[in-house]
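In what follows, a single structure is set out as structure tokens and then discussed.
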Amino acid sequence: NVLCAFALFAAAVAQGAAFFHAQQAVTAKSTEVKVAEYSRSLTLWPWATERRVAWARAQAPQLAVASRDQQARLEESVDRELSSALARDPYQWELRLQRAWFDLTVSTTRVRAVAEAREVARLNPLQPLIPLSFARQFAVRDPELAWDFLRATDLSSGRHLRDALELAWQ
């Protein structure tokens, strides 16, 4: 019983410390501090999906100012982290969505990014904003792919139908 109590106490301390670092990341002013605090939080409690998504989003400003070599390392690091998190929780659609957006906006592997975007839209048929946002992303560069995403959108809501029609008429 004492060993069980100690294990529970240690887990609670780790979770509390991870939460503290996540809160520090939320209030951090600089991107480097934000990324470091999220990394510390994830080291202590790697099962927090929303923190992993926030960590990946915090990497984007660093990628914008990094050199080509640093960009490649950061892309690989983010991809590795998101892939390992998806291996632990393969049904976590927010991680899939974040990885798809990351690949669409940052990565050079367009084929994989499009495949991931299609998978996210397929896994979330009741979330019409997901395929609509992907359709917006591809509307200028690849109109045929944008049409595919529009076809996959649940347009039962008038607002989403209006958005889809506006996008289609561009």
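We're numbering straight along the sequence, starting at 1. What's counted below: heavy atoms across the whole structure, side chains too, no hydrogens, waters or symmetry copies.
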Run the numbers on Asp148 and Phe138 for side chain to side chain contact (heavy atoms under 4.5 Å, CB included), then give the verdict. CA-CA 10 Å; Asp148 288 345; Phe138 290 110; over 6 Å; no
Closest non-hydrogen atom pair between [X] and [Y], with its separation:
X: Thr43; Y: Pro46; value: O-CD, 4.2 Å
X: Leu104; Y: Ala117; value: CD1-CB, 4.3 Å
X: Ala146; Y: Ala135; value: CB-O, 3.5 Å
X: Ala100; Y: Val120; value: CB-CG2, 4.3 Å

If a pair satisfies side chain to side chain donor-acceptor pair (under 3.5 Å) and one of its residues is in residues 133-146, list it, with sequence neighbours excluded.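 Sorted result for residues 133-146: Arg110-Asp142.
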Name all pairs fulfilling the ring-ring contact (aromatic ring centres under 6.0 Å, His included) condition that reach into residues 34-79, sequence neighbours left out, sorted by first residue then second. Trp45-Trp47
Hey, what do you get for [atom1] ([X]) to [atom2] ([Y]), rounding to the nearest 0.5 Å?
X: Arg118; Y: Phe149; atom1: CZ; atom2: CZ; answer: 6.0 Å
X: Gln70; Y: Ser77; atom1: CD; atom2: OG; answer: 12.5 Å
X: Leu132; Y: Leu150; atom1: CG; atom2: CG; answer: 6.5 Å
X: Leu74; Y: Asp69; atom1: CG; atom2: CG; answer: 11.0 Å
X: Leu129; Y: Asn124; atom1: CG; atom2: CG; answer: 11.0 Å

Any Arg112 side-chain heavy atom under 4.5 Å of Asp79 side chain: yes
Side-chain heavy-atom pair Gln92, Gln98 within 4.5 angstrom cut-off: no
Report all side-chain donor-acceptor pairs from residues 9-29 shorter than 3.5 Å, counting only partners two or more places apart or in another chain.
| residue | atom | partner | partner atom | Å |
| --- | --- | --- | --- | --- |
| His21 | ND1 | Glu37 | OE1 | 2.7 |
| Thr27 | OG1 | Gln23 | O | 3.2 |
| Thr27 | OG1 | Gln24 | O | 3.3 |

Look at the side-chain heavy atoms of Ile, Leu, Val, Met, Phe, Trp and Tyr, link any pair under 4.5 Å apart, and say whether Leu44 and Val53 land in one connected group. no
For Trp93, look at atom CH2 and say whether over 12 heavy atoms of other residues, nucleotides or ligands are found less than 6.0 Å away.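 Result for CH2/Trp93: enclosed.
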Hey, do the aromatic rings of Phe134 and Trp101 have their centres closer than 6.0 Å?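 Ring centres of Trp101 and Phe134 closer than 6.0 Å.
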When Arg99 is tested against each of Glu94, Glu81, Glu116 for salt bridge (Lys or Arg N to Asp or Glu O under 4.0 Å), which residue passes? Glu116
List the steps and the verdict of salt bridge (charged side-chain N to carboxylate O under 4.0 Å, His left out) for Asp89 and Arg52. CA-CA 12 Å; Asp89 190 1; Arg52 194 156 315 272; over 6 Å; no
Is there a donor-acceptor pair under 3.5 Å between the side chain of Arg96 and the backbone N or O of Pro90?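 Yes; at least one donor-acceptor contact below 3.5 Å.
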